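Okay, so here's the structure we're looking at.
This one's a predicted model, so the numbers in the text were calculated from it and none came from an experiment.
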Amino acid sequence: MNKIVYMCFTTDIIHSAHVNIIERAAALGDVVIGVLSDEAVAGYKHFPLMSYKDRFNIFSHLQHVSRVVEQKTVSYAQNIRELKPDYVVHGDEWKNNYERPVREEVLALLQEYGGELVEFPYDSSQEYTRLEKAVRAQLAIPDRRRGRLRELLELKPLITAMEAHSGITGLLVEETKVITGGTARQFDAMWISSLCDSVAKGKPDIEVVDFSSRLRTVDDIMEVTTKPIIMDGDTGGLTEHFVYTVKTLERIGVSAVIIEDKVGLKKNSLFGTEVRQTQDSIEHFCDKIRAGKRAQKTKEFMIIARIESLILEMGMEDALQRAFAYVKAGADGIMIHSRQKKPDEIFTFVEEFRKIDKSTVLVVVPTTYAVVTETELMERGVNIVIYANHLTRSGFPAMKRTAELILQNKRALEADSLCMPIQDIITLIPED
């Protein structure tokens with residue numbers, strides 16, 4: 001009986017390096033290929049250009065492949081325990097990158113019954129680099145990017161979005177990955193916050209940064225990233241202006257806009273009733289939603305209605321009444337906001353809303369109630385979690401402390417520990 005050789009692939013573009021490593025693995029025994037599920041690929045690398053079914057079929061027809069199975073997570077544990085392969089084959093690049101925990105788990109599992117890990121030198125050929133750039137280019141095309149948020153919502157029970165306010169913060173959101181508990185994690189989308197955009201420009205968060213300037217920020221981010229973008233649309237402005245906002249955002253490839261049901265001069269929601277804020281009428285806000293939906297040219301773009309009732313202490317009944325009215329008016333999702341330190345009122349809203357509406361997308365922003373976990377939110381029916389300002393808030397303390405240390409010591413040495421090596425920053429920036 002031939003020995004079993006197990007390999008796992010995420011790729012949706014097969015190139016010569018893949019064929020070569022499979023051929024080398026076949027010299028050890030019968031090759032079984034594990035194809036990562038679409039959900040696992042989306043969490044591990046990038047949104048798959050080809051579906052799991054298509055990738056499965058491609059590997060099934062390759063020479064030297066004896067069998068193809070699904071690998072549901074980045075962790076090899078389930079498949080290794082079921083197949084008990086004599087060898088697991090992988091490139092050697094995972095020794096020193098973020099996949100190292102997966103490698104260590106594989107080694108421990110193989111040691112249980114005497115299996116062996118075989119690592120071939122990683123192929124970093126120019127052809128592979130060219131293909132990777134081609135994949136990124138395809139994912140960045142506006143017509144493909146726009147619909148990816150909806151695709152992810154079909155694929156995953158919970159989507160996470162991190163704020164970005166520049167090209168470099170966009171790259172941080174794009175490239176940051178971790179592996180924990182056998183699962184690969186990265187952010188699914190980017191949130192373009194008016195607060196963070198204003199702060200980056202040294203302006204107050206009162207919609208003083210005009211729409212054209214905000215579009216330049218979106219363009220800077222879209223130029224170097226591929227993830228779907230959710231845009232903070234503030235109040236949406238006048239209904240007559242909002243329809244053009246929808247048309248513009250949809251055309252450039254933004255996936256969704258979130259508008260809040262307030263009128264007048266914008267004040268940040270987290271001030272609550274400490275400052276004068278006026279909530280829009282249900283009828284007028286519904287008219288704005290309907291006008292925006294009529295302006296759409298595609299089915300992919302989403303308009304999400306943000307409800308301020310809990311922020312303004314108008315009560316749960318008012319929040320739910322508005323939510324159902326906004327959905328009836330055509331809103332693709334509801335964002336419920338709170339400034340409480342605990343998530344209790346968010347839990348109550350979600351549970352009451354889900355008793356009647358099982359499918360409309362629900363969005364939350366756990367800024368003040370940061371104690372809540374994504375699992376707790378997902379189990380109650382939340383679909384999107386937005387980390388709305390954390391890169392901005394974490395960056396400023398480090399920059400302020402760096403400036404203080406240099407002033408105090410009249411040199412830069414004491415500040416070095418707070419600074420990322422310049423080579424790491426340069427490496428983060430892709431070369432075309």
Side-chain angles (χ1 to χ4, degrees), residues 161 163 191-199 203-211 213-214 230-246 248-249 254 256-293 295 302-340 345-346 349-350 353 360-369 384 386 388-389 392:
E163 69 99 348
W191 165 247
I192 312 298
S193 158
S194 66
L195 165 65
C196 298
D197 206 0
S198 298
V199 168
K203 303 288 179 64
D205 183 29
I206 55 172
E207 295 182 270
V208 71
V209 178
D210 64 29
F211 186 61
S213 179
R214 297 205 59 213
I230 304 170
M231 181 81 168
D232 180 0
D234 289 321
T235 64
L238 295 174
T239 299
E240 294 82 358
H241 295 174
F242 180 57
V243 296
Y244 287 97
T245 298
V246 168
T248 300
L249 294 177
V254 169
V257 63
I258 298 182
I259 54 170
E260 59 193 81
D261 57 356
K262 291 192 300 192
V263 293
L265 180 66
K266 179 199 170 176
K267 295 294 179 69
N268 191 281
S269 292
L270 297 183
F271 285 117
T273 56
E274 295 169 18
V275 297
R276 183 179 178 83
Q277 301 192 68
T278 305
Q279 198 166 17
D280 202 352
S281 71
I282 293 175
E283 294 75 19
H284 183 263
F285 198 68
C286 284
D287 286 343
K288 188 179 291 187
I289 292 168
R290 282 190 284 264
K293 293 305 292 181
M302 300 175 70
I303 296 175
I304 298 172
R306 168 173 157 178
I307 296 172
E308 297 290 284
S309 299
L310 302 182
I311 290 283
L312 299 176
E313 300 178 4
M314 300 302 292
M316 188 65 64
E317 186 176 340
D318 183 77
L320 288 164
Q321 180 186 4
R322 286 173 177 274
F324 296 126
Y326 298 163
V327 171
K328 188 175 180 180
D332 300 289
I334 295 294
M335 175 181 151
I336 184 63
H337 210 12
S338 170
R339 64 175 187 143
Q340 298 299 310
E345 66 178 7
I346 292 294
F349 175 90
V350 173
F353 183 84
T360 298
V361 172
L362 283 180
V363 185
V364 298
V365 183
T367 301
T368 56
Y369 53 100
I384 300 177
I386 296 176
N389 45 44
T392 293

Any non-hydrogen side-chain atom of [X] less than 4.5 Å from a side-chain atom of [Y]?
X: Val257; Y: Ile304; answer: no
X: Phe211; Y: Leu249; answer: yes
X: His337; Y: Val365; answer: yes
X: Ile259; Y: Phe285; answer: yes
X: Ile307; Y: Ile334; answer: yes
X: Val361; Y: Met302; answer: yes
X: Val243; Y: Thr245; answer: no
X: Ser198; Y: Leu195; answer: no

Test salt bridge (charged side-chain N to carboxylate O under 4.0 Å, His left out) applied to Asp261 - qualifying residues, sequence neighbours left out: Arg322
Check against side-chain hydrogen bond (donor to acceptor under 3.5 Å, both in side chains), Glu345 and Ser338: CA-CA 8 Å; Glu345 66 178 7; Ser338 170; 2.6 Å; yes
What is the distance from atom [atom1] of [X] to atom [atom2] of [Y], rounded to the nearest 0.5 Å?
X: Met231; Y: Thr248; atom1: CE; atom2: OG1; result: 10.0 Å
X: Trp191; Y: Ile384; atom1: CH2; atom2: CD1; result: 10.0 Å
X: Gln321; Y: Met314; atom1: CD; atom2: CE; result: 10.5 Å

Polar contact flag, side-chain donor to acceptor under 3.5 angstrom, [X]-[Y]:
X: Glu163; Y: Thr392; answer: yes
X: Lys262; Y: Gln277; answer: yes
X: Asn389; Y: Ser193; answer: no

Donor-acceptor pair, distance only, cut-off 3.5 Å: does the side chain of [X] make one with the backbone of [Y]?
X: Lys288; Y: Thr235; answer: yes
X: Ser309; Y: Gly315; answer: no
X: Asp234; Y: Gly236; answer: no
X: Lys328; Y: Ala323; answer: no

Criterion side-chain contact (heavy atoms from CB on, under 4.5 Å) on Val364 and Ile386, from CA distance to verdict: CA-CA 6 Å; Val364 298; Ile386 296 176; over 6 Å; no
Sequence neighbours excluded - salt bridge (Lys or Arg N to Asp or Glu O under 4.0 Å) pairs with any residue from residues 235-246: none
Ring centers of Phe353, Phe324 separated by less than 6.0 Å: yes
Could you report the tightest heavy-atom contact between [X] and [Y], atom names first, then the distance?
X: Cys196; Y: Ala388; answer: SG-O, 3.6 Å
X: Gly292; Y: Phe242; answer: CA-CE2, 3.8 Å
X: Ile311; Y: Arg339; answer: CD1-N, 3.6 Å
X: Ala291; Y: Thr239; answer: CB-CG2, 3.6 Å
X: Thr360; Y: Gly333; answer: CG2-CA, 3.8 Å
X: Ala329; Y: Ile289; answer: O-CG2, 3.8 Å

CA sep, side-chain torsions, deciding dist, call: Met316, Leu310, side-chain contact (heavy atoms from CB on, under 4.5 Å): CA-CA 7 Å; Met316 188 65 64; Leu310 302 182; 4.1 Å; yes
side-chain contact (heavy atoms from CB on, under 4.5 Å) between Ile192 and Ile230, worked out: CA-CA 6 Å; Ile192 312 298; Ile230 304 170; over 6 Å; no
Salt bridge Asp197-Arg214, side-chain N to carboxylate O under 4.0 Å: yes
